[in-house]
Amino acid sequence: MTVQNPHPMGEEKRHYWLAKRMATCTGADLQAALDAGEIDHADWAAVVTRCRGCNWVEGCEAWMAEQERGAADVPQACPNAAVFETVLAAQADGSD
């Protein structure tokens with residue numbers, strides 16, 4: 001069993017904006033997903049909470065700084081990768 005040392009959660013506002021930037025980089029339209037009922041407010045809050053607990057913040061910021069808007073693949077290091085990929089898949093299904 002691997003034991004990880006806990007670390008303090010990151011500042012809520014900072015991680016809200018990091019999650020929004022990640023969505024922008026990957027093209028995942030979280031607001032459209034919310035409006036369409038694909039995610040709800042609890043899902044959105046969970047995205048921010050997972051981001052707040054992430055150890056990859058510096059790597060995330062550096063990665064996002066090098067991406068073109070909407071063109072990046074979701075990095076698997078992101079604790080919200082599954083959410084962004086689900087939103088992207090729903091967007092792709094809706095654009096057919």
Side-chain angles (χ1 to χ4, degrees):
M1 178 167 99
T2 302
V3 177
Q4 294 182 338
N5 293 327
H7 69 283
M9 297 283 277
E11 195 272 318
E12 198 169 338
K13 188 182 288 187
R14 177 182 186 202
H15 288 272
Y16 167 82
W17 289 110
L18 285 171
K20 295 256 311 164
R21 281 182 56 208
M22 180 63 74
T24 298
C25 286
T26 62
D29 190 338
L30 296 179
Q31 184 61 52
L34 186 66
D35 293 345
E38 293 159 358
I39 64 171
D40 60 24
H41 291 284
D43 296 324
W44 180 227
V47 164
V48 174
T49 299
R50 278 188 296 275
C51 185
R52 290 180 66 206
C54 181
N55 286 322
W56 190 57
V57 175
E58 286 75 24
C60 175
E61 289 179 324
W63 179 86
M64 287 190 292
E66 296 179 4
Q67 305 308 311
E68 292 184 36
R69 182 183 181 104
D73 290 332
V74 179
Q76 293 307 299
C78 178
N80 289 304
V83 175
F84 293 125
E85 289 168 349
T86 298
V87 169
L88 287 164
Q91 286 173 205
D93 288 346
S95 67
D96 293 340

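For the single chain, residues carry numbers from 1 onward in sequence order.
- R52 CZ to H15 NE2: the interatomic distance, rounded to the nearest 0.5 Å, is 7.5 Å.
- Ring geometry, W56 versus W63: the interplanar angle falls from 30° to 60°, so the pair is classed tilted.
- In this structure, the separation between CD on Q31 and CD1 on I39 is 8.0 Å, given to the nearest 0.5 Å.
- Remark: E61 engages R14 in a salt bridge (Lys or Arg N to Asp or Glu O under 4.0 Å) (not counting sequence neighbours).
- For the atom pair OG1 of T49 and CD of E12, the computed distance is 7.0 Å after rounding to the nearest 0.5 Å.
- The 12-atom threshold is not exceeded at CD of E68, counting heavy atoms of other residues, nucleotides or ligands nearer than 6.0 Å.
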List the atom pairs, donor and acceptor, that lie under 3.5 Å between side-chain atoms in residues 75-89 and the rest of the protein, sequence neighbours left out.
residue : atom : partner : partner atom : Å
Q76     : NE2  : V74     : O            : 3.4
Q76     : NE2  : E85     : OE2          : 2.7
N80     : OD1  : R50     : NE           : 2.7
N80     : OD1  : R50     : NH2          : 3.1
N80     : ND2  : V47     : O            : 3.0
T86     : OG1  : A82     : O            : 2.8

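- K20 contributes atom NZ, which lies 12.5 Å from atom SG of C25 (distance to the nearest 0.5 angstrom).
- Within a 6.0 Å radius of CG in D73, other residues, nucleotides and ligands contribute 12 heavy atoms or fewer.
- Taking CE of M22 as the reference point, atom CG of L30 lies at 11.5 Å (rounded to 0.5 Å).
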Using side chain to side chain contact (heavy atoms under 4.5 Å, CB included), reason through T26 and Q67 one step at a time and then give a plain yes or no. CA-CA 9 Å; T26 62; Q67 305 308 311; over 6 Å; no

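- One hydrophobic cluster, built from ILVMFWY side chains closer than 4.5 Å, cannot hold both M9 and V48; they sit in different ones.
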